[in-house]
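Here's the structure we're looking at; comments come further down.
One-based numbering along the sequence shown. Remember, it's 1-based here, ligands and their atoms both numbered in the order they're listed.
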Amino acid sequence: MDSITLPSPAKVNLFLRILGKRPDGFHELETVMAALDLADEMRFERRPCGITIECSAPGVPCDDSNLAVRAARLLQERFGIQAGTHIVLRKRTPVGGGMGGGSSNAATTLRALGRLWELSASQSEFETLASRLGSDVPFFLRPSVATCRGRGEIIEPISAEKCRALQEAAVVLVNPGFGVPTPWAYRSYAARGGVSAEPKRDAGPLLRALASADLIALAGELYNSLEPAVFRKYPILEMFRRSLVEAGASGALMSGSGATVFGLCLNVRAAEDVRSKIMAKFGPSLWTHVARFAAFSGS
Ligand code: C5P
């Protein structure tokens with residue numbers, strides 16, 4: 001095998017509740033993440049040595065700081081690999097958008113190079129390496145729908161029968177063209193009073209709505225602890241969320257630490273309708289996209 005091409009999907013957080021600050025400086029989370037059929041494309045070419053990457057999207061570093069390059073180096077070190085790779089990354093998800101772009105690219109790199117370099121690593125070995133690369137990376141080793149705890153790296157997959165509400169659903173994604181730095185979002189959350197300043201909630205009602213195939217009930221349970229802090233600095237994001245609901249979305253939420261906001265819709269047709277209203281309101285240069293959930297899109 002000389003090369004391998006894989007999709008690197010994006011996600012949204014349907015629920016993200018911060019439970020507290022940990023001694024390691026991270027925050028303890030309960031979050032429900034769902035992979036989308038919106039994906040970057042990654043091609044991995046076998047090379048005798050070295051790790052290189054090319055990507056034309058602005059804001060994506062093409063050096064050792066790229067999370068995909070770090071994932072490849074981690075594999076080389078762990079397995080004593082001499083072989084290298086050249087990675088061609090076609091970015092389709094907004095950079096720094098709260099949709100897990102870099103984390104997904106890192107997980108896809110682990111999966112692809114495991115095959116290209118013919119490594120005999122167990123799934124749990126990949127999971128350990130993934131969690132060293134970032135809190136969201138393990139989710140993307142098997143992107144589907146999952147409850148994630150700890151830093152986000154403890155994954156409990158949700159089977160298709162238990163998320164029937166997403167079967168026909170679609171999301172309208174709106175990104176303002178800038179990213180929100182994740183460490184800043186968590187710091188601002190803490191500065192506003194942190195856990196003691198927000199209502200107690202858990203993912204139980206959302207998980208029950210997911211299983212009951214009731215999208216309207218699900219839309220009512222969307223929740224993100226980081227929204228107030230991020231909306232305070234970037235009011236345009238709150239305006240997107242409100243506008244998505246006014247345009248007909250059943251519910252709307254900021255994904256992860258932002259800046260992407262999504263509207264949850266009954267189906268693709270409803271989502272296309274919402275998207276055209278958003279474009280009419282904010283102008284066609286705003287980045288918008290309609291996506292389905294990967295678990296039900298055949299992707
Ligand atoms: O793990 P990752 O590199 O994605 O995290 C980026 C930053 O987000 C961390 O350095 C930390 O500031 C914040 N974070 C956090 N608690 C989490 C996940 C991320 O405080 N559970």
Side-chain angles (χ1 to χ4, degrees), residues 8-35 40 59-61 63-75 89 91 93-110 126-143 146-156 175 178-198 201-203 223-234 237 253-260:
S8 182
K11 58 86 179 162
V12 288
N13 300 75
L14 300 172
F15 184 92
L16 191 162
R17 170 89 161 94
I18 297 176
L19 304 175
K21 184 109 190 252
R22 299 156 41 122
D24 63 7
F26 282 81
H27 291 80
E28 192 73 16
L29 301 181
E30 180 180 35
T31 181
V32 177
M33 302 212 272
D40 298 337
V60 178
D63 56 22
D64 281 7
S65 66
N66 188 297
L67 213 50
V69 174
R70 286 174 47 204
R73 289 212 190 290
L74 194 60
L75 272 187
L89 170 57
K91 211 73 197 153
T93 51
V95 177
M99 290 198 284
S103 303
S104 177
N105 293 167
T108 303
T109 301
L110 294 179
F126 273 124
E127 280 163 14
T128 305
L129 294 177
S131 64
R132 280 174 59 188
L133 290 161
S135 309
D136 287 352
V137 181
F139 168 80
F140 287 106
L141 286 176
R142 273 182 291 196
T147 307
C148 308
R149 296 195 168 83
R151 279 193 293 138
E153 87 287 15
I154 303 167
I155 317 288
E156 195 183 311
N175 181 276
F178 60 80
V180 174
T182 304
W184 172 85
Y186 279 96
R187 274 201 313 274
S188 304
Y189 166 84
R192 286 174 58 90
V195 174
S196 54
E198 66 170 324
R201 273 185 93 128
D202 64 55
Y223 184 76
N224 186 340
S225 290
L226 292 168
E227 270 189 344
V230 177
F231 284 178
R232 180 139 196 260
K233 170 114 191 246
Y234 305 103
L237 304 183
L253 193 74
M254 181 180 82
S255 184
S257 57
T260 303

Of Arg22, Lys21, Arg17, the one forming a salt bridge (Lys or Arg N to Asp or Glu O under 4.0 Å) with Glu28 is Arg22
Partners of Arg73 by salt bridge (Lys or Arg N to Asp or Glu O under 4.0 Å), sequence neighbours excluded? Asp64
Using ring pair (Phe, Tyr, Trp, His ring centres under 6.0 Å) as the criterion, list what pairs up with Tyr223, not counting sequence neighbours. Phe15
Quick one: list whatever passes side-chain hydrogen bond (donor to acceptor under 3.5 Å, both in side chains) with Ser225, sequence neighbours left out. Glu198
Using every non-hydrogen atom in the two residues, find where Asp136 and Ser103 come nearest and quote the distance to one decimal. CB-OG, 3.6 Å
Give every pair formed by an N or O atom of ligand 1 and a protein N or O atom closer than 3.5 Å, one pair per line with both atom names and the distance to 0.1 Å, or write none.
unit_1, atom_1, unit_2, atom_2, d
ligand 1, 1 (O), Ser135, N, 2.9
ligand 1, 1 (O), Ser135, OG, 2.5
ligand 1, 16 (N), His27, N, 2.8
ligand 1, 20 (O), His27, N, 3.4
ligand 1, 20 (O), His27, ND1, 2.8
ligand 1, 21 (N), His27, O, 2.8
ligand 1, 21 (N), Arg151, O, 2.9

Would Glu153 and Arg132 pass as an ion pair if we require N to O under 4.0 Å? no
